[in-house]
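The structure under discussion appears below in the form of structure tokens.
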Amino acid sequence: MDFYRRLALAGEAIPFGKVATYGQLALLCGRPRNSRQVGYALNRGMAGEKLPAHRVVNSQGLLTGAPAFDTPDMQKWLLEGEGVEVKDGKVDLKKYGWHNTMEEAMALKECFDRLGI
DNA sequence: CCTTTGACCAACA
DNA sequence: TTGTTGGCCAAAG
């Protein structure tokens, strides 16, 4: 099982205009307790270049990774550019949170199985 | 082998 | 509703 390879795939599945949480991604990768490693991976670009890191926030909707971008408000701009409103450095997860459907979860699992990871 | 360090999180006061 | 606390776990030193 390769956590980081899975993370790359799961991350690419985050829809435009939506955000996912670190814990949620860890869960999709089959490692519910590895939320910290998700942040770690994003910080080092270990999860592939295609992963939209700006769509990842913490469980309270806070843009905790913002300082790691080229400029501190880059993440905010990118999100607003997708129609996601950012208030006080936070997003409303009820509105913009990625509620992954069973189909999406299954598609991911299938993807993992197919790649043997 | 330790020990320290995080883009975390749920529970609790 | 905001702080704090203890738990988490892979990397790096």
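Naming convention: chains lettered A, B, ... in sequence-line order (proteins, then strands); numbering from 1 in each chain. Values below: every heavy atom of this structure, side chains too, minus hydrogens, waters and symmetry copies.
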Taking D88(A) for its side chain and K90(A) for its backbone only, find out whether a donor-acceptor pair lies under 3.5 Å.
-> no
I want to check one thing: is the phosphate of dA12(C), taken as OP1 and OP2, less than 4.0 Å away from some side-chain N or O of Y40(A)? yes
note: Q24(A), atom CD; dA10(B), atom P; distance rounded to Å ~ 11 Å
Do E85(A) and K95(A) meet the salt-bridge criterion of a basic N to acidic O distance under 4.0 Å? yes
Listing, residues 106-117 of chain A side-chain donor-acceptor contacts under 3.5 Å, not counting sequence neighbours, or none:
residue, atom, partner, partner atom, Å
K109(A), NZ, D113(A), OD2, 3.0

Between CG of L25(A) and C1' of dC9(B) the distance, given in whole Å, is 14 Å
- N or O in side chain of S35(A) less than 4.0 angstrom from dC9(B) OP1/OP2: no
Between A20(A) and I14(A), the two heavy atoms sitting closest are CB-CD1, 3.8 Å
> Between the side-chain atoms of R36(A) and the base atoms of dC8(C), is any donor-acceptor pair under 3.5 Å?
Replying inline: yes
From CD of Q37(A) across to P of dC9(B) the rounded distance in Å is 12 Å
Taken to the nearest whole Å, CD/Q60(A) to P/dC12(B) is 16 Å
S59(A) has its side chain closest, among dG6(B), dA10(B), dA11(C), to dA10(B)
In whole angstroms, the gap separating P of dG7(C) from CG of N34(A) amounts to 18 Å
Do R44(A) and Y40(A) pair up side chain to side chain, a donor and an acceptor below 3.5 Å, judged on atom types alone?
yes
Of K90(A) and M46(A), the one whose nearest nucleotide on DNA chain C sits closer to the 5' end is K90(A)
Side-chain contact check for R33(A): nearest option of dC9(B), dC9(C), dA7(B) is dC9(C)
Open item on the list: Classify Y22(A) by what it touches in the nucleic acid, base, sugar-phosphate, or nothing, heavy-atom distance under 4.0 Å.
Closed with: base
Taken to the nearest whole Å, CG/D88(A) to P/dT1(C) is 11 Å
- Task: Could you check whether R44(A) gets within reach of a base, just the sugar-phosphate, or nothing at all, counting any heavy atom under 4.0 Å?
- Result: sugar-phosphate
Under 4.0 Å between any heavy atoms, over every strand shown, what does N43(A) touch: base, sugar-phosphate, or nothing? Just pick one. base
Here the distance between atom P of dC9(C) and atom CG of L7(A), to the nearest Å, is 17 Å
Q. A53(A) near the nucleic acid: base, sugar-phosphate alone, or nothing, with a heavy-atom cut-off under 4.0 Å?
A. base
